[in-house]
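Below, chain A is the first sequence line, B the second, and so on; all start at residue 1.
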Amino acid sequence: MLTNAPKGTKDILPNQVYKWHYVENAFREACSRYVFKEMRTPVFEHTELFTRGVGDTTDIVEKQMYTFEDYGKRSITLKPEGTSPVVRSFVEHKLYADVQPSKFYYIIPCFRYEKPQSGRLREFHQMGIEIFGTNNMMADAEVIGFASDFLNSLGLHDLELRINSIGCPECRETYRQALRDFLKDKYDDLCDTCKGRYDRNPMRILDCKSPVCQELSKGAPYMLDYLCEDCKIAFDDLKKNLDAMEIPYIIDPGIVRGLDYYTKTAFEFVTNQIGAQGTVCGGGRYDYLIEQIGGPPIPGVGFGLGIERLQLLLEASGGAIPKPDNLDVFVAVMGERAKIFGLKLMRDLRKQGFKTEMDSLGRNIKGQFKYADRLSSNYTIVIGDNELDQNMVTIKNMKTSTQKQVPLQDIIKEIVE
RNA sequence: GUGGGUGUAGUCAAGCGGUUAAGACACAGGGUUGUGGCUCCUGCAUUCGUGGGUUCGAUUCCCAUCACCCACCCCA
């Protein structure tokens, strides 16, 4: 147990971490082009932020949060998602007094007590963006367009973008009732899980996997048909914007976000290449969240993108992430004098910006070359008594297997070319 | 929370009731007392996730337990 990471957590090992750097750097660059500024918030927050923000009847809040009491008797929760903390910080620091709209991004760990499976962990990582302060569907389109561009930039082109409108609190309740009315006399035939959904979230019944429920829900009304005028205009607007930006999408009336704060726009980027958990990126609009948390009535829209799922997808789609070079120079030494000399040389080379390494296990010269090879060094510098006596070093190009003796002062010149 | 699958070295694995647990890769050392990638040699599991049970005998059969994986649910 002592040597096992906790269930649902994963170490990112040194030979894998370059993939994370690559993806994170690409994301930061995209954010820079789209003019989103990073916001860093604590790993934990007051529990109430999430019960109020995410919604206290959601699965996340009901049974998935890592909540504990600290020594000051405060109820603390490890972030289960990224949006509420950004909202909290926005309100706390009164950033709505800055020029609007506000555009933020974050790269964070999230924690949910889940049963782990492929693409689902208890600690996972999200990159996300948020736009606060505009009702304009341009913002929704920008957020979706950002996700699309970012994914494309990683060589991922065949993700499916699904969009939907889940309405505002008013029209959604009308719709739910319409759905219940439709299913009322079919209730007894629904599967057990859907019987539970009937009261709580009848919209879920529509995408139940059970063939019986699928049959029963045929002909059921769509949320899209129950949108109020305002929501309908917004959805049409969104589609118009996406068309203008030439972003392909499919309308999926089955999309329902699991966090209560969403309104109107809901979207997902989905793949079938990484198992059952195929939603790589999910987001939408949340017009009442900021107000609910105690801020002014300011609307917002954003998305969260799962880094682990992204990595799985990159793996599955063969998207090659370039491996960084391991080593420029290996300094091989023979004897005590050479070692002392090599130590200084290694330090100089590193100061000059070269990735440089020496052996510290006392390997013989053959062993040192083998080690240099394992580190895929471009050059190996050999220092022995001969070299020291002549004030020269031997430089071997490991790729071409050629070597020559050069004066000490010419080492760097030799390596650079 | 519910279901299914798997657990033999760092990794991939064979063995499936009988004396010392194949093999490959990796790793370490050597063949060459100053030169890597190829080749050759040597080393590398008193033990088969853990604990019980059955048996003269268990890595092999049974039970429990733990871990990992996958799916449902839900989500990133």
Integer angstrom distance from the [atom1] of [N] to that of [M]:
{"N": "B:A9", "M": "B:U2", "atom1": "C1'", "result": "36 Å"}
{"N": "B:A58", "M": "B:G52", "atom1": "C1'", "result": "13 Å"}
{"N": "B:C16", "M": "B:U55", "atom1": "P", "result": "23 Å"}
{"N": "B:C48", "M": "B:G17", "atom1": "C1'", "result": "15 Å"}
{"N": "B:U46", "M": "B:U59", "atom1": "C1'", "result": "14 Å"}
{"N": "B:G10", "M": "B:U19", "atom1": "C1'", "result": "30 Å"}
{"N": "B:C62", "M": "B:C38", "atom1": "P", "result": "45 Å"}
{"N": "B:C61", "M": "B:C41", "atom1": "P", "result": "36 Å"}

Report the residue from A:Lys7, A:Arg120, A:Lys63 that forms a salt bridge (charged side-chain N to carboxylate O under 4.0 Å, His left out) with A:Glu114.
A:Arg120
Whether A:Phe27 and A:Tyr105 hold their rings parallel, tilted or perpendicular, with breakpoints at 30° and 60°:
perpendicular
Describe, in one word, how the ring planes of A:Tyr34 and A:Phe36 are oriented to each other, choosing from parallel (under 30°), tilted (30 to 60°) and perpendicular (over 60°).
tilted
Both A:Arg112 and A:Asp373 contact RNA chain B. Which one's nearest nucleotide lies toward the 5' end?
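The 5'-side residue here is A:Asp373.
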Let me spell it out: for each of A:Tyr113 and A:Thr400, pick the nucleotide of RNA chain B with the closest heavy atom. Which residue's pick is nearer the 5' end?
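Result of the comparison: A:Tyr113.
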Just call it for [X]: base, sugar-phosphate, or nothing, with non-hydrogen atoms closer than 4.0 Å on any strand.
{"X": "A:Gly275", "result": "sugar-phosphate"}
{"X": "A:Lys366", "result": "base"}
{"X": "A:Val280", "result": "sugar-phosphate"}
{"X": "A:Ser401", "result": "base"}
{"X": "A:Asn386", "result": "base"}
{"X": "A:Leu121", "result": "base"}
{"X": "A:Gln368", "result": "nothing"}
{"X": "A:Cys110", "result": "nothing"}
{"X": "A:Glu268", "result": "nothing"}
{"X": "A:Gln277", "result": "base"}
{"X": "A:Glu387", "result": "base"}
{"X": "A:Ala276", "result": "sugar-phosphate"}
{"X": "A:Lys115", "result": "base"}

Quick one: do [X] and [Y] make a salt bridge, cutoff under 4.0 Å?
{"X": "A:Asp348", "Y": "A:Lys344", "result": "yes"}
{"X": "A:Arg40", "Y": "A:Glu38", "result": "yes"}
{"X": "A:Glu142", "Y": "A:Lys103", "result": "yes"}
{"X": "A:Arg350", "Y": "A:Glu357", "result": "yes"}
{"X": "A:Asp359", "Y": "A:Lys339", "result": "no"}
{"X": "A:Arg52", "Y": "A:Glu45", "result": "no"}

In this structure, how many angstroms lie between the [atom2] atom of [N] and the [atom1] atom of [X], rounded?
{"X": "A:Met334", "N": "B:G36", "atom1": "CE", "atom2": "P", "answer": "12 Å"}
{"X": "A:Lys7", "N": "B:C68", "atom1": "NZ", "atom2": "C1'", "answer": "8 Å"}
{"X": "A:Ile381", "N": "B:U35", "atom1": "CD1", "atom2": "C1'", "answer": "14 Å"}
{"X": "A:Lys79", "N": "B:A76", "atom1": "NZ", "atom2": "C1'", "answer": "14 Å"}
{"X": "A:Asn378", "N": "B:G37", "atom1": "CG", "atom2": "P", "answer": "18 Å"}
{"X": "A:Phe369", "N": "B:C38", "atom1": "CZ", "atom2": "P", "answer": "16 Å"}
{"X": "A:Phe27", "N": "B:A76", "atom1": "CZ", "atom2": "C1'", "answer": "13 Å"}
{"X": "A:Asn4", "N": "B:U50", "atom1": "CG", "atom2": "C1'", "answer": "13 Å"}

Distance test, side-chain N/O of [X] to OP1/OP2 of [N], below 4.0 Å:
{"X": "A:Gln117", "N": "B:C69", "answer": "no"}
{"X": "A:Arg363", "N": "B:A28", "answer": "yes"}
{"X": "A:Ser118", "N": "B:C70", "answer": "yes"}
{"X": "A:Asn364", "N": "B:U35", "answer": "no"}
{"X": "A:Lys396", "N": "B:U35", "answer": "no"}

Enumerate, in order of first residue number, the stems that involve RNA chain B, defined as 3 or more consecutive Watson-Crick or G-U wobble pairs with both distances under 3.5 Å.
B:1-7 with B:66-72, B:10-12 with B:23-25, B:27-31 with B:39-43, B:49-53 with B:61-65
Does A:Arg120 get its side chain close enough to the base of B:C73, under 3.5 Å, for a donor-acceptor pair?
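Answer yes: a donor N or O sits under 3.5 Å from an acceptor.
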Look at the side chain of A:Phe124 and decide which nucleotide, out of B:A76, B:A67, B:C69, has an atom nearest to it.
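Within the option list, the nearest is B:A76.
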Which one, B:G34, B:A71, B:A76, comes nearest to the side chain of A:Ile365?
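Closest nucleotide among those given: B:G34.
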Find the distance between CD (A:Glu48) and CG (A:Asp56) and round it off to the nearest 0.5 Å.
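It comes to 10.0 Å.
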For A:Tyr262, does the six-membered ring have the charged nitrogen or CZ of A:Arg285 within the cation-pi criterion, i.e. under 6.0 angstrom from the centroid and within 45° of the normal?
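Ring-cation test returns no.
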B:G36 base stacked by A:Tyr371 (centroids within less than 5.5 Å, tilt under 30°):
no
